[in-house]
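Okay, structure first, notes after.
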Amino acid sequence: MLEGKTALVTGASRGIGRAIALELAEKGAYVIVNYNGSGEAAREVVRTIEASGGQAEAYQCNVADYAACERLIGDVMASQGSIDILVNNAGITRDNLLMRMSEEDFDAVVSTNLKGAFHTMRLVSRHMLKQKRGRIINMASVVGVAGNAGQVNYAASKAGVIGMTKSAAKELASRGITVNAVAPGFIETDMTGKLSEKVREQAAAQIPMGGFGRPEDVAKAVGFLASDEAGYITGQVLHVDGGMVM
Ligand code: NAP
């Protein structure tokens, strides 16, 4: 259980991040529900948590902006006194074939998905080192392991997240801080809602378990990695993908 712990979940206004915020709050954590543009959705997540007896607050911050992340972490430390769990979930896609992908779309995806996670990890690990405990969970993707046509920017960012997770895990292990990645396959959210029916059918055909996962499936894995029970697990990439990439 996570009573007395503060969890920061980036990109928690919608989709997988929302489900993670609800899961960690259900386990007793005080949850900072970070969002970028969807303020009303983030406040709705906070209201949902409060309605079931949990504690949370919404906080706007573009994770791609280092100075904004500094303000976010500084404010949370000032009000809560610690950050025990960091979940780097914020992510975007800007899909296109390599020959048509603009430099802007490459940079936007890497800035949010990879650099955003670096920003918060750098800032939060400083406090976790002093606390001599902490849990960092980064949202990767099976695309970062297996690649995917039309997603060189996204695959690069998620492969980067996996390398960064393993490196930080080695640096921080001796101080009681675990760093792991969760790699979802196809999960029903706004991100996959953009896919055509044909692409969805082709994707489902590659999944041994036969269909897309739910945000809650990913949230349960994150809830475990955030718990005391996962104290001897670090530097791992846990696939939540219905067996799609083995
Ligand atoms: P989603 O439904 O599109 O939600 C994305 C979330 O990220 C939103 O809460 C959004 O907040 C936030 N966000 C985006 N840019 C941000 C920024 N610059 N700063 C702060 N927050 C930002 O996506 P999802 O499907 O839940 O995906 C969540 C994570 O799982 C992503 O890292 C994604 O790559 C990964 N993933 C998803 C799947 C899948 O099948 N869905 C598979 C593998 C991995 P606002 O709305 O407030 O902007």
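In each ligand, atom 1 is the first atom listed, and ligand 1 is the first ligand listed. Small disclaimer: the values here were computed from a predicted structure and weren't measured.
Within ligand 1, counting atoms from 1 as listed, the ones closer than 4.0 Å to a heavy atom of G15 are 2 (O), 26 (O). Shown in contact with A140 at under 4.0 Å from a heavy atom are these atoms of ligand 1, numbered in order with element: 44 (C). Close approach of ligand 1 to A90 (heavy-atom distance below 4.0 Å) involves ligand atoms 7 (O), 13 (N), 20 (C), 21 (N), 22 (C), 32 (O). Close approach of ligand 1 to C61 is summarised as follows: ligand atoms under 4.0 Å from at least one heavy atom of the residue are 19 (N), 20 (C). Distances below 4.0 Å separate heavy atoms of S141 from the following atoms of ligand 1: 43 (C), 44 (C). Set against the non-hydrogen atoms of Y35, the atoms of ligand 1 under 4.0 Å away are 47 (O). Interface atoms of ligand 1 facing N62, defined by a heavy-atom separation under 4.0 Å, are 17 (C), 18 (N), 19 (N). Atoms of ligand 1 lying under 4.0 Å from any heavy atom of F186, numbered from 1 in the order shown and given with element: 40 (O).
Scanning the protein for heavy atoms near atom 47 (O) of ligand 1, the closest one is S38 N, 2.7 Å. Scanning the protein heavy atoms around atom 1 (P) of ligand 1, the nearest turns out to be R14 NH1, 3.8 Å. The protein non-hydrogen atom at the shortest distance from atom 19 (N) of ligand 1 is V63 N, 3.1 Å. Closest to atom 16 (C) of ligand 1, if we only count protein heavy atoms, is N36 CB, 3.8 Å. Looking at atom 48 (O) of ligand 1, its nearest protein heavy atom turns out to be G37 N, 3.1 Å. G91 O, 3.8 Å is the protein heavy atom nearest to atom 5 (C) of ligand 1. The protein heavy-atom contact nearest to atom 6 (C) of ligand 1 is G11 O, 3.6 Å. In terms of protein heavy atoms, atom 26 (O) of ligand 1 is closest to I16 N, 2.8 Å.
Inclusion of G17 in the set of residues having an N or O under 3.5 Å from an N or O of ligand 1 is not warranted. Ligand 1 has a nitrogen or oxygen under 3.5 angstrom from a nitrogen or oxygen of K158.
Rounded to the nearest 0.5 angstrom, F186 CZ and I207 CD1 are separated by 6.5 Å. Taken from OG1 in T10 to OH in Y59, the straight-line distance is 14.0 Å, to the nearest 0.5 Å. With rounding to the nearest 0.5 Å, the separation of CG in L97 from CD in Q151 is 11.0 Å. For the atom pair CD of Q60 and CZ of R71, the computed distance is 9.0 Å after rounding to the nearest 0.5 Å. The CE atom of M191 sits 8.5 Å away from the CG atom of D95 when rounded to the nearest 0.5 Å. Here the CD-OH distance, from E44 to Y35, works out to 14.0 Å after rounding to the nearest 0.5 Å.
A heavy-atom separation below 4.0 Å is not found between Q60 and ligand 1. Within the 4.0 Å heavy-atom cutoff, G185 counts among the residues contacting ligand 1. At least one heavy atom of Y154 sits less than 4.0 Å from an atom of ligand 1. Residue contacts with ligand 1: I92 is included, with a non-hydrogen atom under 4.0 Å away.
Between atom 29 (C) of ligand 1 and the options N34, I20, N89, the minimum heavy-atom separation is to N89.
Contact annotation: for T189 versus ligand 1, heavy atoms closer than 4.0 Å belong to the side chain alone. Contact annotation: for A41 versus ligand 1, there are no heavy atoms closer than 4.0 Å. At a heavy-atom cutoff of 4.0 Å, ligand 1 is contacted by no atom of R18, backbone or side chain.
N88 and T120 share a side-chain donor-acceptor pair at under 3.5 Å. Q236 and N180 share no side-chain donor-acceptor pair at under 3.5 Å. Between the side chains of S227 and E229, a donor-acceptor pair is found at a separation under 3.5 Å. Between T165 and N138, the side chains place a donor N or O and an acceptor N or O closer than 3.5 Å (distance only, hydrogens not considered). Side-chain contact, Y154 with R94: no donor N or O sits under 3.5 Å from an acceptor N or O.
At least one side-chain heavy atom of L172 sits under 4.5 Å from a side-chain heavy atom of S125. Put simply, the side chain of V9 does not reach to within 4.5 Å of the side chain of I32, judged on heavy atoms.
Linking ILVMFWY residues whenever their side-chain heavy atoms come closer than 4.5 Å, directly or via other members, leaves I162 and V143 in distinct clusters.
Annotation for S82 and Q131: closest pair CB-OE1, 3.2 Å, computed over non-hydrogen atoms.
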